[in-house]
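To start, the structure itself, in structure tokens.
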Number of protein chains: 2
Amino acid sequence: MSTQPPEGDSEEKTDVERRNADVCNVVGAVEEVGSKWKLVILNDLRDGEKRFNELKRSTGASSYTLSRVLNDLEEEGFIDNRKELESPVASYYTLTEKGGDLCPVFDALDEWGADWLE
Amino acid sequence: MSTQPPEGDSEEKTDVERRNADVCNVVGAVEEVGSKWKLVILNDLRDGEKRFNELKRSTGASSYTLSRVLNDLEEEGFIDNRKELESPVASYYTLTEKGGDLCPVFDALDEWGADWLE
DNA sequence: CGGCATCCTTGGAGATACTG
DNA sequence: CAGTATCTCCAAGGATGCCG
């Protein structure tokens, strides 16, 4: 909710951005999920539900970064967060439909990487 | 080559190891083209050959940023640069095969954007 | 275990000005 | 037109510490 420190959202669209949006929405998509950590985390959640420290280990993100990006992703509707407040608190993250619909993007990236990264 | 997890691997691997192998391509791809301007410019070049100021207008990048990203992209083999040194000098940029192979990624992003950005 | 607060470093990127 | 050179600003993100 209160993500004040590193928040720099600008809702205003420039003419250029609007014009590009008319042509295609690649730019819009890039603006929303075009950051490294968002992509890495979302891609990681394709396997299914994961917990905070699990994501921390598998992505290599710091607690701070992971926490912030997860909050952003949740606010933007890419992931859901289920919390269990019992003894050792547990927090589980899953992809929403919006997030899951990015799978074709990851598949395409994966395929491209298979051809050009080895 | 199929990029699906190599099933039938009875060897014991940790989740992290399996995940890293599994995810490596996506992460690697994100590391290479995961920045906003790279994606925007490459996507813009899908239309075909474009000149410097043309890209500047259509992407909205500053001369400085555009120049640097174009240099990077050329060094990394994503684009080609053809120069005409006649009267008004002209510089044309096109996608290489490596860059063009990213089209499925842009298509996937475009499709996702069509569903979730409006 | 999950995750927020603080400090601090780096580089991404805009504005501006200048060359060939 | 096609860049390059600075200067500058700010967000991203690592490290560390603390707390429920």
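Every chain is numbered from 1, with letters handed out A, B, ... down the list of sequences. These numbers come from the heavy atoms of this one structure, side chains and all, not from hydrogens, waters or symmetry mates.
- The interatomic distance linking B/Tyr93 (OH) with D/dA2 (C1') rounds to 7 Å, in whole Å.
- Contact annotation: A/Lys83 does not reach the phosphate of C/dC1 (side-chain N/O to OP1 or OP2, under 4.0 Å).
- Side-chain contact annotation: B/Asp44 with B/Thr59, donor-acceptor N/O pair under 3.5 Å absent.
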*Decide side-chain contact (heavy atoms from CB on, under 4.5 Å) for B/Glu84 and B/Val89; before the verdict, give the C-alpha distance in whole Å, the side-chain angles of both, and the deciding distance to 0.1 Å.*
CA-CA 6 Å; B/Glu84 287 180 2; B/Val89 287; over 6 Å; no

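- Checking side-chain atoms of A/Glu54 against main-chain N and O of A/Arg51 turns up a donor-acceptor pair under 3.5 Å.
- Taking side-chain N and O atoms only, A/Ser67 has no distance below 4.0 Å to OP1 or OP2 of C/dG2.
- One atom, CZ of A/Arg82, and another, C1' of C/dC1, lie 15 Å apart when rounded to the nearest Å.
- Only at 4.0 angstrom or more do the heavy atoms of residues 72-81 of chain B sit from any atom of DNA chain D, so none qualifies.
- Across the protein-nucleic acid pair, B/Leu66 atom CG and D/dA5 atom C1' stand 16 Å apart, rounded to whole Å.
- Distance alone, capped at 3.5 Å, is enough to place a donor-acceptor pair between the B/Asp110 side chain and the A/Asn25 backbone.
- With values rounded to the nearest 0.5 angstrom, B/Leu102 atom CG is found 11.5 Å from B/Leu45 atom CG.
- Regarding B/Leu85, its CG atom lies at a distance of 10 Å from the P atom of D/dG3, rounded to whole Å.
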_I need a per-nucleotide contact map over nucleotides 13-20 of chain C, read 5' to 3'. Cutoff is protein heavy atoms under 4.0 Å; write B for the base, S for backbone only, - otherwise._
BBB----B

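- If you take NZ of A/Lys56 and C1' of C/dC4, they are 13 Å apart, rounded to a whole angstrom.
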*asked:* salt bridge (Lys or Arg N to Asp or Glu O under 4.0 Å), that's the test. Do A/Lys38 and A/Glu32 meet it? Break it down for me.
replied: CA-CA 9 Å; A/Lys38 280 185 179 179; A/Glu32 260 216 91; 6.0 Å; no

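- Atom CD1 in A/Ile41 sits about 13 Å away from atom C1' in C/dG3, given to the nearest Å.
- In the displayed structure, B/Glu76 atom CD is contacted under 6.0 Å by more than 12 heavy atoms of other residues, nucleotides or ligands.
- Distance OH (A/Tyr92) to P (C/dG2): 8 Å, rounded to an integer number of Å.
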*Evaluate the salt bridge (Lys or Arg N to Asp or Glu O under 4.0 Å) criterion for residues A/Asp107 and A/Arg46: first the C-alpha distance (whole Å), next the side-chain angles of each, then the deciding distance (0.1 Å), finally the verdict.*
CA-CA 11 Å; A/Asp107 287 334; A/Arg46 282 206 286 169; 2.8 Å; yes

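- Rounding to whole angstrom units, CZ of residue B/Arg51 and C1' of D/dC1 are separated by 7 Å.
- When ring centroids are compared, B/Phe78 and A/Trp112 come within the 6.0 Å threshold.
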